There are 2 protein chains.
Amino acid sequence: MSGHRPSSRDKILAAASELADIVGPGNLSLDAVAQRAGVSKGGLLYNFPTKAKLMQALVQDYLKSFEDALAAEAAKRGDTTKNSLTAYIELSARECEQKQPSAAGVLAALAEDPDFLNPVRDFKRQLLDRLKSETTDTAKLMVAFLVIEGLRSMKLFDMDILHDDERNMALTYLLAEAAST
Amino acid sequence: MSGHRPSSRDKILAAASELADIVGPGNLSLDAVAQRAGVSKGGLLYNFPTKAKLMQALVQDYLKSFEDALAAEAAKRGDTTKNSLTAYIELSARECEQKQPSAAGVLAALAEDPDFLNPVRDFKRQLLDRLKSETTDTAKLMVAFLVIEGLRSMKLFDMDILHDDERNMALTYLLAEAAST
DNA sequence: TTGACAATACCGTCCAGACGGTACAGTAAG
DNA sequence: CTTACTGTACCGTCTGGACGGTATTGTCAA
C-alpha cells in the first residue's frame, strides 16, 4: 500500500511544492509544474485531471507525512499513550529546525481556494481531541497546542523571527509542564 | 494627519480585502477590485500604479491598524509600561472574537509574493523585543507570544477549531501568568 | 477680472501574453 | 490490449498594465 519507487505522481507533487516555494503560492502554473517534474503537461493532467485535484493531493500528502512522522515518533518511545503530547511537542520542535518544503504546497492550495484547507482543520481538531483524552490539565494542553501552532505558522510564513534560545525556552517550558502532568 | 473622509484609496483597500476573502487570496484581480470599490480600473491604477503597490499597501494598512489598536489598548488602561504584555494579550483575545477581514488582504499579498510579508516580520520582531524589555521571565513571554501567534494564525486560516471555553482556558492561563510577574 | 495653462483625480478601452484545459496521434512496456 | 505516459496543437478566457481622454480645481501673469 506504500513504498513505491519515485513515481510520476510523487515527482509532480514534489515539484509543485518546490515551485510554490520559488514562484509564490499564488503563481503556481501547471505548465511550470510539469516542466519541473520532468513530465509533459499531458502526463501531469493524466495524473491530476484538474488543478484542484493537484491541490487536494498536495494537502493530503502534507497531512499524511505529518501523520506518519507522528506515529513514528510515538513508536520510537514507549507506546504508552500517556506521553503522546510529549511526542507531539518533540516532533514539532524537530520539524522547526529543518526545512520542509511540502508546506509551500499547502499555501498554494490555500491561495487557490481556502476550502482546500478543510482537511487540515479536521485533522487538527482530531489531533487535539486525542491529546485532550490523554491529558488531565486541559488549560496546559491548550497552551502547548497553541504554542506549537504559533511555531508552525511562523515556519509556514518563513518568519525566522525567533532566536534559537528563545524558541528553546518556550519548548523546554512546554516539555516540563507536560512531564509534570 | 489622519481622519480623511472615505477616499478612493481607502475604498480600494477595503474592497481588495473583502474580495480576497471571497474569491480566495490568489484570485484577486485588479478589475474585480476596481469594480467592487466603485472605481474604474484606470482610477485604481492611478492610486496604485501596480498590483505590487496595492499589495504593499494592504500589508501596511493591516500593520498600521493593529499598531493603532495596540496603542489605544495601552492608553485605555494606565500607561504604566509594565503591563503592555497584558494589553497585547487582551487585545489579541478580543480580536479573536470579531471578524477582521483586513487579514485576508495580507493573505493575498502572501499569495502574490511571500516577500510582501517582510514588513510583518520586522513588525513582529520589534514587538517581541519591546515586550522582552518589559518582562522579567522570558520563557513565559515566549509562551504567551507564541500562543497568541497560534491563535492569530488560526483566525487567518479561518480555522475555527477551538471551542470558546478551550480558547478562554488558554487565555486566562496566560493572563494569570502575566499578572504574577 | 480674465484667459492660459497645469495638476489632480479619475474613466474606458485595448492588447499581448499567460493560463487551465482539451484533443489527439503516437509509443514503449508488460 | 491496456497502462502510462509523450508531444504538439489549440481554444477561450482572464489578467496586468499601458494609454488616451476628461472633468474639476488651482495658479498666476497680464
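This structure is a prediction, so every number in the text was calculated from the model and none was measured. Here is the naming used below: chain letters follow the sequence lines, and residue numbers restart at 1 for every chain.
No more than 12 heavy-atom neighbours from other residues, nucleotides or ligands sit within 6.0 angstrom of CG on B/Asp158. In B/Lys132, the NZ atom is crowded: over 12 heavy atoms of neighbouring residues, nucleotides or ligands sit closer than 6.0 Å.
A/Leu45 comes within contact range of at least one nucleobase, with a heavy-atom separation under 4.0 Å. Backbone-only engagement by A/Leu30 is indicated by non-hydrogen atom pairs under 4.0 Å involving sugar-phosphate atoms exclusively. Contact annotation for B/Leu28: backbone-only contact, meaning every heavy-atom pair under 4.0 Å involves sugar-phosphate atoms and none involves a base.
The distance from the CG atom of B/Asp115 to the CE atom of B/Met55 is 14.0 Å, given to the nearest 0.5 Å.
Separating the CZ atom of B/Phe48 from the P atom of D/dG16 is a distance of 15 Å, rounded to the nearest angstrom. The CG atom of B/Asn27 sits 12 Å away from the C1' atom of C/dC19 (whole-angstrom rounding). The CG-P distance, from B/Leu54 to D/dT15, rounds to 14 Å in whole Å. Nucleotide C/dC15 holds its P atom 16 Å from the CG atom of B/Asp31, rounded to whole Å. Across the protein-nucleic acid pair, B/Lys53 atom NZ and D/dA18 atom C1' stand 15 Å apart, rounded to whole Å. Between the NZ atom of A/Lys51 and the P atom of D/dT13 there is a distance of 19 Å, given to the nearest Å. Rounded to a whole Å, the NZ atom of B/Lys11 is 12 Å from the C1' atom of C/dA9. Between the CG atom of A/Leu44 and the P atom of D/dA4 there is a distance of 15 Å, rounded to whole Å.
The shortest distance between the side-chain N/O atoms of A/Ser8 and the OP1/OP2 oxygens of D/dC5 is below 4.0 Å. Between C/dG21 and A/Thr50, a contact under 4.0 Å exists linking OP1 or OP2 to a side-chain N or O. Proximity of A/Ser40 to the phosphate of D/dT8: no side-chain N or O atom is located under 4.0 Å from OP1 or OP2. The side chain of B/Tyr46 contributes an N or O atom lying less than 4.0 Å from OP1 or OP2 of C/dA9. Between A/Ser29 and C/dA18 there is no side-chain polar atom (N or O) within less than 4.0 angstrom of OP1 or OP2.
The nearest pair of heavy atoms linking A/Arg130 to A/Ser133 is O-OG, 2.7 Å. Taking all atoms of both residues into account, the shortest heavy-atom contact from A/Leu162 to B/Arg125 is CA-NH1, 3.9 Å.
Counting only heavy atoms from C-beta on, A/Lys41 has its side chain closest to C/dG21 among C/dC10, D/dG17, C/dG21.
For B/Arg9 and A/Ala52, each mapped to the nucleotide of DNA chain C holding its nearest heavy atom, the one lying further toward the 5' end belongs to B/Arg9.
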